[in-house]
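Presented below is the structure to which this report refers.
Remember, it's 1-based here, ligands and their atoms both numbered in the order they're listed.
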Amino acid sequence: MEHPENNEAYKGLVVNAGIEQPSSVNPYLNNRPRRKKRELSVSDYVEGIVKGDVTVLSQAVTLVESVKPEHQAVAQEVIEKCLPYSGNSVRVGISGVPGAGKSTSIDVFGLHVLEEHGGKLAVLAIDPSSERSKGSILGDKTRMEKLSVHPKSFIRPSPSAGSLGGVARKTRETIVLCEAAGFDKIFVETVGVGQSETAVHSMVDFFLLIQLAGTGDELQGMEMADGIVINKADGDNLERARLAATQFRNALHLFPAPESGWTPQVLTYSGFYNLGVKEVWDMVYKYIDFVKDNGYFEYRRNEQSKYWMYETINEQLRDSFYHNPQIEAMLTGKEKQVLQGNLTSFVAAKNLLDTYFAELKK
Ligand code: GDP
C-alpha cells in the first residue's frame, strides 16, 4: 500500500522506504578482551587521598569496609600512612531517635558550618539496623538534598557488615581517611539506641543529642550529651519545645557533672525552618574552644585512642576464636550440652577455650 503521505495532498514530499539500520549494540563487545580495572597500590591510595581526590577516598573507604582479608591488609596500610595527616578536625556526633529530624537538620547544619566556617565536611553514619535489614536508614545521600550536591561535602552511609563494634571501628577508620583528605569537619550520625550512641561518643569531640518535645522523660543518651537540642521548635510546637527544654535542663542535674568542666547546654531550634541553627553551632564551637583551652580536647582524643586499641584487640580475638575451624566444629555440640543441662556454661566455655589455645600452639 502506498504511504498516506505520498498522496496528492502532500505534493513535494516523498517518503522513501527505510533502510536497515545497524544494531545500536556493539556486536564485538563480547569478543573484546576485558580490560581489568587497575588495582591501586597503597601509595596510589595515600597520594590520592592526601591530594583530596574524593574518588580515591571513596575507593579507600570501600576497602576499609570490605571483609576480604586481602582488602583489609591494604586498608590497614593506607590508614597507617594517612594517620600523620589526620586529626585536624572538629568531630561531632549527632544522635536522635528516628523522626527526630536528623537528616533534615544535618542538611541545614552542614550548609551552615560550611558557610560560616569554610573547609570541607564529611558526614558518616553508624547504623545498627543496616546489618539486620540490609538497608541503611542513615547517611543516605538522598536524605540530605542540599548537602549531597554540595562540592565541599562527602556523605557516606553506614558500613553494614559485622557487629556494631566492627561497624564502629570502620567508621572510625574512615574518619582518619577523610581527615587526611582535608575534611576538617566530621559529622557522625547515629540513631538513639544505646550501644551505637556509646560507639559514636567514643569517636567524637562533641556529642549532640536531638530531642523532641513530648519526650521530656526520655533520658537515653543524655549522660553523654555535650549539647541537647530540641528540634521542631516552630509553629504550634514552639511552646511545647520551650517547655521540653526546661524539663531537659532540670533533668541534666540528675547526672554527674561532666569531666570536661563544660555544662551541657539545652537549646531549641527548627531544622525545617532554619531557626536557631546558628545558636546551635555557636554552642558547639564555644565548647571546642573551651576544651581546647583547658586541655580536655587532647585528653578525650587520647582516651578514645586507648579505647579503640582495646576494642580492636577484643574484636580481633573474638573473630579469631569464632572463625577457628576446630571451634566452629565444636560450638553447636557444646551449646546443646549446655541447653540440655549436661554441662555447665563455665565448663563448656573452658573446654572451648582450652581447645582454642591448644590450636594456637600447633
Ligand atoms: P530522621 O529520621 O531523624 O532523619 O528525621 P527526618 O529528618 O527524616 O525528619 C522526620 C520528619 O520530621 C520529616 O517529616 C521532617 O519533615 C520533619 N521535620 C524535621 N525537622 C523539622 C522541623 O524543624 N520542624 C518540623 N515541623 N518538622 C520537621
Atom indices of ligand 1, in the order listed, that fall short of 4.0 Å to a heavy atom of [X]:
X: Ser270; value: 22 (C), 23 (O), 24 (N)
X: Gly271; value: 23 (O)
X: Thr104; value: 6 (P), 7 (O), 9 (O), 15 (C), 19 (C), 20 (N)
X: Pro98; value: 2 (O)
X: Asp234; value: 22 (C), 23 (O), 24 (N), 25 (C), 26 (N)
X: Ser103; value: 4 (O), 6 (P), 7 (O), 8 (O)
X: Val97; value: 3 (O)

Do the charged groups of Arg300 and Asp226 touch, with an N to O distance under 4.0 Å?
-> yes
Does an N or O from [X], backbone or side chain, lie closer than 3.5 Å to an N or O of ligand 1?
X: Tyr273; answer: no
X: Gly101; answer: yes
X: Glu189; answer: no

Sorted by chain and residue number, the salt bridge (charged side-chain N to carboxylate O under 4.0 Å, His left out) partners of Glu77 (sequence neighbours excluded) come out as Lys81
Of the options Phe207, Phe206, Trp281, which is the one that meets Tyr287 in a ring-ring contact (aromatic ring centres under 6.0 Å, His included)?
-> Phe206
Using non-hydrogen atoms of the residue, decide whether Ile106 is closer than 4.0 angstrom to ligand 1.
-> no
Ligand 1 contacted by Gly96 (non-hydrogen, < 4.0 Å) = no
How would you list, by chain and number, every residue that makes a side chain to side chain donor-acceptor pair (under 3.5 Å) with Lys361, sequence neighbours excluded?
-> none
Mark yes or no for whether Gln304, through its side chain, and His201, through its backbone, hold a donor-acceptor pair below 3.5 Å.
-> yes
Main-chain N/O of Leu111 paired with Lys152 side-chain donor or acceptor, under 3.5 Å | no
Testing Lys185, Lys120, Glu179 for side chain to side chain contact (heavy atoms under 4.5 Å, CB included) with Ser89, which one passes?
-> Glu179
Identified salt bridge (charged side-chain N to carboxylate O under 4.0 Å, His left out) counterpart of Arg169 within the set Glu65, Glu311, Glu315 | Glu315
